[in-house]
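Below is one structure, written out as structure tokens; comments come after it.
Keep in mind the model is a prediction, meaning the values are calculated, not measured.
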Number of protein chains: 2
Amino acid sequence: MSRPAEPRIPRPAPRGPHGFAAALFEGLVAGGVREVCCCPGSRSTPLALAAASHPALRCLVHVDERSAAFFALGLARAARRPVALVCTSGTAAANFLPAVVESHHARVPLVLLTADRPPELRDWGAPQTIDQVRLYGDRVRWYAEAPCPGPDEPRIPYARALGARAAAAAAGSPPGPVHLNLPFREPLEPRRPPAEESAAASPAAATGGTPPTLRASTPAPDSALREALGAELAAARRPVLVCGPGDADAPTRAAVAAFARRAGWPLLADAASQLRRGPDAGDEGLVSHADALLRDARFARARAPDLVVRLGAPPTSKATNAWLSQHCAARVVAIDPDGTWADPQQRVALHLRCDPAALLGAPAEEPRGGVDPAWLPSWRDAETHARRAIRSALAKEELLSHPHLARELGAALPEGAQLFASNSLPIRALDGFLPAATRSLRVLANRGANGIDGILSTAFGASVATAAPTLLFVGDLAFLHDVGALAGARRHARDCTVVVVNNDGGGIFHHLPIAEQGDEVGFEELFATPHGLDPTEIARGFGVEAERVGSLAAFRDALARSLAAGGVRVIEARVDRSADVALQRRLWGEVASALRSGEP
Amino acid sequence: MSRPAEPRIPRPAPRGPHGFAAALFEGLVAGGVREVCCCPGSRSTPLALAAASHPALRCLVHVDERSAAFFALGLARAARRPVALVCTSGTAAANFLPAVVESHHARVPLVLLTADRPPELRDWGAPQTIDQVRLYGDRVRWYAEAPCPGPDEPRIPYARALGARAAAAAAGSPPGPVHLNLPFREPLEPRRPPAEESAAASPAAATGGTPPTLRASTPAPDSALREALGAELAAARRPVLVCGPGDADAPTRAAVAAFARRAGWPLLADAASQLRRGPDAGDEGLVSHADALLRDARFARARAPDLVVRLGAPPTSKATNAWLSQHCAARVVAIDPDGTWADPQQRVALHLRCDPAALLGAPAEEPRGGVDPAWLPSWRDAETHARRAIRSALAKEELLSHPHLARELGAALPEGAQLFASNSLPIRALDGFLPAATRSLRVLANRGANGIDGILSTAFGASVATAAPTLLFVGDLAFLHDVGALAGARRHARDCTVVVVNNDGGGIFHHLPIAEQGDEVGFEELFATPHGLDPTEIARGFGVEAERVGSLAAFRDALARSLAAGGVRVIEARVDRSADVALQRRLWGEVASALRSGEP
């Protein structure tokens, strides 16, 4: 894949706006920033030049600010470090908002650097001048507006500290977006320094001094917190561990799995929890078919828990959420290192703000004694029934479907790959049908605000953070929503196969009650929105290799080819919308039947 | 052009969320709304169904909320009436922000209806739930959050009045965006009414009563205001009328032109002022080459005005703006029906808030007496020199360029056509090189915040407001920024030819001082951003007919074919970026030489 050479530029002398911008990026680099997504503009000239000239920074240029921001979000999430964004003044900054909202809710560190006109031009009809002050409202962790750097007063120590503080605030607890509004007066171009000054100097030497640093300790649980959990554990006879979407790292995954194993608890692992795939996913307590199982009302009733320990975001599965809210007698404990109140059903009785790995690795009270000995086997047997029922039912199906694709991705993606799932049907299909396996697979999704905007950009951004292949599993509507991201794909994305499930519209709406009213309410036009467009032809229009498949065998071949070839490629999987919905319903029926037949 | 049948739906009985939504749309219709751009979603079900079922409303469905909002903006601007937008909860609403900012600054009436989750679900980790309260900040004319309509208390009179008030606030003075945040609880689907109730009833009958109305008088000037202008006119010896971008209607155009004619004033007509083209554009005082003329420092100095009367937004031309700010002794009077302080140079001495047609049609003091008799002829002669110099210089040029295209559009577009100009180079090229003519041409542009986002969507929206052809003149970067709009183009846009000037990057940056520093600052990668993409292939990927031209003759043929064929078509005009910039500079030089040679 060809990639244009990145500009390496002699550092401008540390004066005026350019000195300010150079010092700002020094601070950002000290705070952990390594990538800057730059959108072209004039007012942002000092920022673009400073970012491009810093040896520790990689500059990624995007035309569309909305795509740029989602790209940065994907990269920051996958790399687990703050990514900076630069845009010019005007509606450019407004285009960042969707990704800002997602990063706020999903706790992804971003530093938004919006160039602005100086205060005297604002609200006087000047072009490309909007009110950027606190543009993102309460949706950022920190906001600051810098003073306009004068030609001979770049305020170096301030700019450096500002950058370091912005990066620290973005990476804080919880991580999230930080907005710096940065006004600049003309001239925006660097004044050419005399020859002797332009000799490449080290960043620190160029401005003198170093940025401040912040060290935060991890939130380790104290003994009171351990005892609070211990008391809950001691009383439990029918406990479950419910792991929702999250980006659990290796120590957390190991500690959680070890706890469930020692305790003999069922562990309901969301597809995006990072606990369904990997070395510990072979444990007998791992439940990967909760969505199908809990759709069966009898099963859901019979499995009334008395203690639920929740990690990560609320589960993707509607059935799991409904089951959790049905059993009001169960105590619900949520463990969250950021202590957010993510509990839309208001069911949590005890919020524990601490590192889950540290807490579950050594609770005050080892669980076990009181747990009903029939409890874990009853889940394990159900999981086995569900797995077999789904596998054998799918084997008989001719038509390509979301469940087929979800299973095939699980089978085909190599160790350590990243699977980015779009919201709407793809994440639900994965949650319902991606089987547990001991091969590692990192599953990412924008589950902060669950939008279908910016999905391609986010996945492309995530692809840059790893040398392993990334696969995006996306529907046709989300593909069209962010189709402009294809314009930068060949330049910016690394290995990323985009699997577009094309069912010509929004299949998710078929799962809502409105679908039953069909033509009477204009269902197709208003909800399903068929478009008749051809993702393969669209991708090719952007110069991206693409192919169309209509069968599982063809999909398998295309996926293998794409993974072998690397780069950015699109596979359009044609799926019949109604048949797909009918199949999913049939599979749930098969699981219910299997549960019946398996009963004593 | 095939267009799917629009859903015609039996009106739901006026209960719960559906009664509320039906009454809301009654109010909106009473306030002048005729079109609703709907983005598919679940939480917005009551709004989508109510919009689709109202016989007076046309429902236009868009997948991408950013595109939808710019489409609505274009339609509202061209039709001069408020357009409603519907989206679901979550980042969907955030995607409206760029167009909200533009409509705020450009004074275009939009009513944003954002469905929301009820308050008890907000900030508790519920999916697709963000903080939508005052999401657009101070950028809206009015904000209200409705209560969640209960199953049996739809609050009909409130919802009806809310709709009427929202439409009135959007269409007020100045017009702009209005945001209604509308929470709904499940069930979101209409309960099926008994058979006898579902018989189609008239909207008023369905809910009883009628919405309130608001009548506002036009801001007619009183005698004090007339005298204030009269005093300025009486003293003027070297006055100019400067008409910036605006949407002057026929009476305003006629009154302004008649004033200049009677008074013997030069009228500097911005390309987007609506005064450069049409029956009055043959007047001897009309100056359409101010941009080229005022780039000549000697000419600009020699034409020091003593009175400037400004209409519309600040001029597009940087040269004109520089000239206005050079002559500090000149009095500047701004006439604006909305009385905004659009004066980034803070040069205006007198702001007159009134209808310009009424004021200039009959000022207290008829101007004339004091005007220097050589003043108007000196402008008229310069205009003639500039016109001839540009025409003859362009006739000798082989390579296709922005100036060629601007002139050709002026020559080829039929009476009454709409020309939508993108920001960046296209609007500047039109302003510099679109000659005056007596054939009418409506020139539109997003000059509120001057963004390059949402340009295709805005033009497609504008195309829906008229039976005449619309032409979009857009650069390759703005085309790529909103390329997703092509997904809906075939369904929604009317006759719209998209002329993409493809110079493989941002030509505008070549006009900035940074360009002189070239490779040294990474100019190509950071500013010009060449992409190597092919707009023709991209358009074809979306099923839109497209062709590529490289010469003026080929462009002329392609344009004639497209106008004859109708529908949505793309013409990619390949332009060499550096040669294009060099040509524009050469033309300015030719104009300067012609002025010298024409001097006594």
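Chosen from B/Glu537, B/Arg134, B/Arg122, the residue pairing most often with chain A at heavy-atom distances under 4.5 Å is B/Glu537. Of all the listed residues (A/His531, A/His105, A/Glu102, A/His104), the one sharing the greatest number of non-hydrogen pairs under 4.5 Å with chain B is A/His105. Among A/Gly541, A/Ala528, A/Ala539, A/Gly454, the residue with the largest count of heavy-atom pairs under 4.5 Å with chain B is A/Gly541. Interface check for chain B: of the options A/Ala449, A/Gly543, A/Ser424, the most heavy-atom pairs under 4.5 Å are formed by A/Ala449. Ranking A/Ile514, A/Val101, A/Asp534 against chain B, the residue ahead of the rest is A/Ile514, based on heavy-atom pairs under 4.5 Å. Here A/Thr91 is the residue among A/Leu512, A/Asp138, A/Ile452, A/Thr91 with the most heavy-atom pairs under 4.5 Å with chain B. Among the candidates B/Asn95, B/Val61, B/Val100, the residue making the largest number of heavy-atom pairs closer than 4.5 Å to chain A is B/Asn95. Interface summary for chain B: among A/Gly90, A/Pro127, A/Gly451, the most heavy-atom pairs under 4.5 angstrom belong to A/Pro127.
Here the NE2 atom belonging to B/His481 is positioned 12.0 Å from the NE2 atom belonging to A/His62, to the nearest 0.5 angstrom. Interatomic distance, CG of B/Leu526 versus SG of A/Cys39, reported as 11.5 Å (0.5 Å rounding). Once rounded to the nearest 0.5 Å, the distance linking CD of A/Gln128 with CZ of B/Arg447 reads 8.5 Å. Within the model, atoms CG of B/Leu533 and CZ of A/Arg491 stand 9.0 Å from one another, a figure rounded to the nearest 0.5 Å. Atoms CH2 and CG, on A/Trp124 and B/Asp343 in that order, are 7.0 Å from each other to the nearest 0.5 Å. In this structure, the separation between CZ on A/Phe523 and OG1 on B/Thr45 is 9.5 Å, given to the nearest 0.5 Å.
Contact annotation for A/Leu135: both backbone and side-chain heavy atoms come within less than 4.5 Å of a heavy atom of chain B. No part of A/Asn321 comes within reach of chain B, as not one of its non-hydrogen atoms sits under 4.5 angstrom from that chain. Using a 4.5 Å cut-off between heavy atoms, A/Phe527 contacts chain B through both its backbone and its side chain. Interface remark: A/Pro535 contributes no atoms to any contact with chain B (heavy atom separation under 4.5 Å). When heavy atoms are compared at a cutoff of 4.5 Å, B/Leu188 does not approach chain A at all. Neither the backbone nor the side chain of B/Ala313 comes within contact range of chain A; no heavy atoms are under 4.5 Å apart. Within the 4.5 angstrom heavy-atom criterion, no atom of B/Pro187 approaches chain A. Contacts of B/Asn423 with chain A are absent, with no heavy-atom separation under 4.5 Å from either backbone or side chain. Interface remark: B/Pro98 contributes backbone and side-chain atoms alike to the contact with chain A (heavy atom separation under 4.5 Å). For A/Val133, the part lying under 4.5 angstrom from a heavy atom of chain B is the backbone only. Only the backbone of A/Glu120 comes within contact range of chain B, with at least one heavy atom under 4.5 Å from a heavy atom of that chain.
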Open item on the list: I'd like to know whether A/Gln517 forms a side-chain contact (heavy atoms from CB on, under 4.5 Å) with B/Glu189, so could you lay out the CA-CA distance, the side-chain angles of the two residues, the decisive distance to 0.1 Å, and finally the verdict.
Closed with: CA-CA 9 Å; A/Gln517 304 192 26; B/Glu189 299 71 31; 3.8 Å; yes
Open item on the list: Under the criterion side-chain contact (heavy atoms from CB on, under 4.5 Å), I'd like the reasoning laid out for A/Val483 against B/Phe542: C-alpha separation, chi angles, the key distance, then a yes or no.
Closed with: CA-CA 11 Å; A/Val483 71; B/Phe542 284 95; 3.7 Å; yes
Open item on the list: Before you tell me yes or no, could you show the steps for A/Arg139 and B/Asp131 under side-chain contact (heavy atoms from CB on, under 4.5 Å), namely the whole-Å CA-CA distance, both residues' side-chain angles and the distance that decides it to 0.1 Å?
Closed with: CA-CA 8 Å; A/Arg139 294 159 196 91; B/Asp131 181 6; 4.0 Å; yes
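Evaluated for a side-chain hydrogen bond (donor to acceptor under 3.5 Å, both in side chains) with A/Arg66, the options B/Asp64, B/Asp482, B/Asp453 yield exactly one hit, B/Asp64.
Listed by chain and residue number, A/Pro344, B/Leu121, B/Thr129 satisfy the side-chain contact (heavy atoms from CB on, under 4.5 Å) test with B/Ala126 (two or more places apart in sequence, or in another chain). Residues passing the ring-ring contact (aromatic ring centres under 6.0 Å, His included) test with B/His351 are B/Trp341, sequence neighbours excluded.
Heavy-atom minimum distance, B/Gly125 versus A/Pro314: O-CG, 3.6 Å.
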